[in-house]
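Data first, discussion second: the structure below is written as structure tokens.
For ligands, and for the atoms within them, numbers begin at 1 and follow the listed sequence. What you are looking at is a predicted structure, and each value in this text was computed from that prediction instead of being measured.
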Amino acid sequence: MAPSHWSFSAWMFILCGYAAGLYKQPSSEKETTRNCTSSPPILPPTVVNTSQQLSALRQEMRNLNISAYIIPATDAHMSEYIALRDKRREYMTGFAGSAGTAVVTMTKAALWTDSRYWTEAERQMDCNWELQRTPWISSIVEWLLNEIPPGETIGFDPFLFSIQDWNSYSEPITSAGRMLSSITTNLVDTVWSTRPPPPSDEIYELNHEFTGSTWQEKVSSIRSQMSQHFQKPTAVLLSALDESAWLFNLRGKDIPYNPFFYSYTLLSHDFIRLFVNVSRITPEVQKYLNTNCTGPLCIQLIDYNQVQENVRNYTEGKVKVWIGMEYTTYGLYEVIPKEKLLTDNYSPVMKNKAVKNQKEQQLMRKSHIRDAVAVIQYLVWLEKNVPKGTVDEMSSASYVDSLRGKQKHSAGPSFATISASGLNAALAHYSPSNKTKRKLTVDEMYLIDSGGQYLDGTTDITRTLHWGTPTALEKEAYTRVLMGNIDLTTLIFPSESSGRNLEMVARKPLWEVGLNYGHGTGHGIGNFLSIHEWPVGFQSNNIPMAKGMFTSIEPGYYHDGGFGIRIEDVALVIEAQTKHMFGGQPYLTFEAVTLVPYDQKLIDITIMSATQINYLNNYYQTIRNIIGPELQQQKLEEEYTWLVRNTEPFSQGTLATVSMGLMTFTLLANVFLQKVLI
Ligand SMILES: *[C@@H]1O[C@H](CO)[C@@H](O)[C@H](O)[C@H]1NC(C)=O
Ligand SMILES: *[C@@H]1O[C@H](CO)[C@@H](O)[C@H](O)[C@H]1NC(C)=O
Ligand SMILES: *[C@@H]1O[C@H](CO)[C@@H](O)[C@H](O)[C@H]1NC(C)=O
Ligand SMILES: *[C@@H]1O[C@H](CO)[C@@H](O)[C@H](O)[C@H]1NC(C)=O
Ligand SMILES: *[C@@H]1O[C@H](CO)[C@@H](O)[C@H](O)[C@H]1NC(C)=O
Ligand SMILES: *[C@@H]1O[C@H](CO)[C@@H](O)[C@H](O)[C@H]1NC(C)=O
Ligand SMILES: *[C@@H]1O[C@H](CO)[C@@H](O)[C@H](O)[C@H]1NC(C)=O
């Protein structure tokens with residue numbers, strides 16, 4: 001959950017509560033942050049001395065006669081997670097947070113970041129840097145116009161700017177009489193002598209058993225979409241790393257958490273060009289890619305660094321290049337004449353990748369079965385060890401990662417595990433560290449949001465737990481989050497519905513008592529690809545829901561200074577069985593493929609409807625049927641017993657008895673909540 005570029009940021013800020021202002025640093029940390037007004041300045045040991053890299057960068061700027069240089073925190077593919085060698089902003093500023101943009105002039109240096117990172121920035125930056133407490137480009141532009149006189153030039157690396165970001169800078173800056181200069185040699189790279197080398201490990205073929213179709217089939221499907229498009233594009237240009245990885249069934253490990261390799265693809269009717277470090281492609285993979293021929297189903301391997309020139313050359317002809325605006329950088333956009341561009345928010349590859357075929361669905365389900373085993377092992381372990389007082393947020397995070405690592409086809413975690421106890425969980429974006437870690441105890445709620453990469457699928461699950469006696473508020477809030485999760489999962493909706501129009505169903509049980517959460521309700525997910533797979537999800541900029549898509553469903557509730565709740569499952573969009581079919585298209589619904597029981601202690605069935613309880617009982621039966629045999633097969637008897645105990649159906653008897661007191665109970669609970677939350 002660490003966004004680094006704008007389209008993810010825009011999306012994830014909302015997903016992670018930035019907009020709701022949920023983030024406050026947990027404690028007073030004055031003594032560990034810098035003080036630049038005292039003389040001499042007070043600098044904690046965590047600060048990085050940036051004088052040398054700044055003066056080297058300014059020398060480069062002087063050579064090029066530019067007055068300012070902009071340094072974003074992304075890579076040339078707008079990746080969500082970036083490799084160390086792409087952490088240019090961090091190298092220049094010392095600030096390690098995932099979001100934030102730096103600007104250097106001849107006399108000043110400034111960093112813009114959002115409230116999640118202010119304390120971290122004050123701890124890590126020296127007094128060369130001013131901190132601008134806002135993430136917005138408009139604020140950067142305003143500052144630049146103040147610092148840079150008309151007629152002077154501001155430099156930037158076009159490969160680190162999305163087209164939208166570039167527009168946000170370019171329009172106000174050029175209309176105010178300053179110039180923007182696109183410099184393809186990155187100036188930070190030039191001065192960064194200790195920059196980690198480019199990855200050199202082999203790029204590998206994902207075994208046929210783990211892929212939904214061959215690369216030839218995928219290529220044909222994209223080509224037929226090109227033919228069918230009324231604008232008759234002659235080629236598709238792919239910039240996002242998961243596009244080329246998916247299209248060719250290739251994987252690498254250039255990026256943390258995502259099995260990707262640096263690449264671009266230019267796919268026309270007549271040729272396929274894969275821009276990559278060619279020496280990383282073994283002879284076997286070359287054979288697999290048909291590189292030794294020159295037909296429309298032969299892949300030409302071309303050096304990664306030639307992509308810009310090659311695309312420029314290609315666009316000299318009578319061509320039309322189809323690009324996805326969300327992922328293409330200005331570096332490629334600027335070399336294509338505008339009349340030769342076909343722009344869409346998403347490339348056809350993004351759209352094809354979003355809809356999983358039968359085999360991909362099966363693979364995804366299988367990975368979730370083994371993932372459930374690892375998570376259940378973890379829950380059993382917590383139940384035994386938390387009361388002993390020996391578990392903290394960090395040790396538990398690494399333990400759940402290690403359990404996944406033991407499952408078949410495991411390829412590491414799919415993101416940095418969020419393991420958060422008590423008030424730490426109220427920060428929806430929290431990630432544990434040795435500094436902030438809390439011990440897990442029977443007195444606090446605990447939130448675990450984690451996932452795995454497996455050769456057959458990517459997983460993402462959140463469970464919230466309590467091993468002691470939850471308060472009435474904790475229990476009601478948890479139950480309402482669960483009710484929202486169930487209501488959205490079971491919702492039947494017309495095909496092509498936008499997720500944005502569906503997601504309020506997950507909020508309704510919370511809204512009813514004046515509660516809410518400040519993040520999005522879910523995101524797409526890949527088959528051994530991205531944990532946050534664009535463009536599926538419940539935000540306004542996601543594509544409509546279609547059969548075969550996978551999305552997370554993850555409502556939550558965050559009680560500042562107290563606790564945090566999130567219940568997240570991955571679900572598949574399937575056809576619903578409806579009596580009628582107005583509109584002629586099958587209606588859709590979801591099917592949860594995450595198969596791990598919820599915390600019985602936190603569920604208050606007296607506020608749930610019979611439909612919700614029925615769903616829960618059916619879901620638990622499915623878990624028993626599917627995960628039970630897998631636990632037995634893995635000889636995990638203790639876990640099997642735990643599973644049976646934790647999937648006991650909520651009996652109608654129980655329901656009947658408690659329903660009697662339902663009215664008064666809910667009334668009391670509501671009064672209580674209103675009191676507490678005012
Ligand atoms: C920084 O130091 C100055 C002078 O010692 C002091 O007045 C000021 O309160 C300090 N600021 C912070 C934020 O601690
Ligand atoms: C930072 O490093 C430079 C040398 O690169 C040195 O001259 C300067 O004194 C250092 N600044 C601080 C605050 O330590
Ligand atoms: C540098 O840029 C300024 C305007 O920003 C211009 O007046 C000057 O001639 C340029 N110098 C060189 C050496 O290009
Ligand atoms: C390309 O990969 C090889 C290893 O196969 C490595 O030695 C080389 O440094 C890489 N070059 C670039 C420019 O990435
Ligand atoms: C490609 O063809 C050449 C000559 O035809 C041959 O020497 C080479 O081994 C072939 N490479 C692959 C990967 O098949
Ligand atoms: C682009 O075209 C020029 C002239 O036709 C040629 O010299 C150059 O090698 C081409 N570059 C690439 C990357 O194909
Ligand atoms: C946290 O502390 C443990 C134990 O002291 C240590 O092994 C680990 O490397 C530390 N982790 C980080 C990220 O500093």
Side-chain angles (χ1 to χ4, degrees), residues 2 25 27-47 75-77 82-86 90 96-98 118-127 129-131 133 159 184-186 189-190 192 194-204 241 244 250-257 260-264 274-286 289 291 301-310 390-402 413 415-421 424 430-440:
Q25 290 298 333
S27 60
S28 124
E29 278 140 349
K30 274 213 168 75
E31 68 288 354
T32 66
T33 60
R34 63 181 185 168
N35 185 341
C36 298
T37 54
S38 116
S39 90
I42 300 165
L43 297 175
T46 44
V47 151
D75 69 7
H77 307 276
I82 61 173
L84 283 177
R85 69 190 313 268
D86 285 319
E90 176 173 344
S98 63
W118 292 343
T119 307
E120 188 178 349
E122 295 281 11
R123 268 203 212 112
Q124 296 172 334
M125 295 199 303
D126 66 8
C127 294
W129 291 89
E130 52 184 76
L131 175 61
R133 295 169 186 257
F159 284 97
T184 49
T185 305
N186 189 285
D189 296 355
T190 308
W192 188 359
T194 54
R195 186 177 179 222
S200 57
D201 40 312
E202 284 170 10
I203 294 163
Y204 60 96
L241 297 183
S244 294
L250 295 177
R251 299 291 188 273
K253 41 183 170 197
D254 300 0
I255 302 287
Y257 305 118
F260 303 156
F261 56 96
Y262 291 116
S263 56
Y264 296 95
L274 174 59
F275 300 90
V276 68
N277 178 346
V278 178
S279 53
R280 297 175 63 194
I281 311 274
T282 62
E284 295 79 61
V285 174
Q286 289 189 26
L289 293 175
T291 58
L301 299 179
I302 301 176
D303 187 66
Y304 176 81
N305 295 312
Q306 289 192 21
V307 65
Q308 197 193 40
E309 201 188 331
N310 197 290
T390 53
V391 183
D392 67 43
E393 291 172 349
M394 290 287 275
S395 63
S396 54
S398 66
Y399 190 65
V400 73
D401 293 348
S402 77
F415 60 99
T417 296
I418 296 173
S419 166
S421 188
N424 279 346
Y430 176 78
S431 177
S433 69
N434 278 341
K435 261 214 175 90
T436 59
K437 69 184 178 193
R438 288 175 84 80
K439 193 187 265 186
L440 275 56

N/O donor-acceptor pair under 3.5 Å between R85 side chain and R195 backbone: no

T33 side chain vs E122 backbone, donor-acceptor pair below 3.5 Å: no

Sorted by chain and number, the residues that approach ligand 7 to under 4.0 Å with a heavy atom: N434

Ligand-side contact atoms (ligand 4) for residue partner P198, heavy atom cut-off under 4.0 Å: 12 (C), 14 (O)

Contact check: N277 vs ligand 4, nitrogen or oxygen atoms, below 3.5 angstrom: yes

Donor + acceptor pair across side chains of D254, Y262 (<3.5 Å): no

Donor-acceptor contact below 3.5 Å, side chain R280 vs main chain D201: yes

Check: T282 main-chain N/O paired with E202 side-chain donor or acceptor under 3.5 Å: no

ring-ring contact (aromatic ring centres under 6.0 Å, His included) partner of Y304, chosen from F159, F275, Y264: Y264

Main-chain N/O of S395 paired with S398 side-chain donor or acceptor, under 3.5 Å: yes

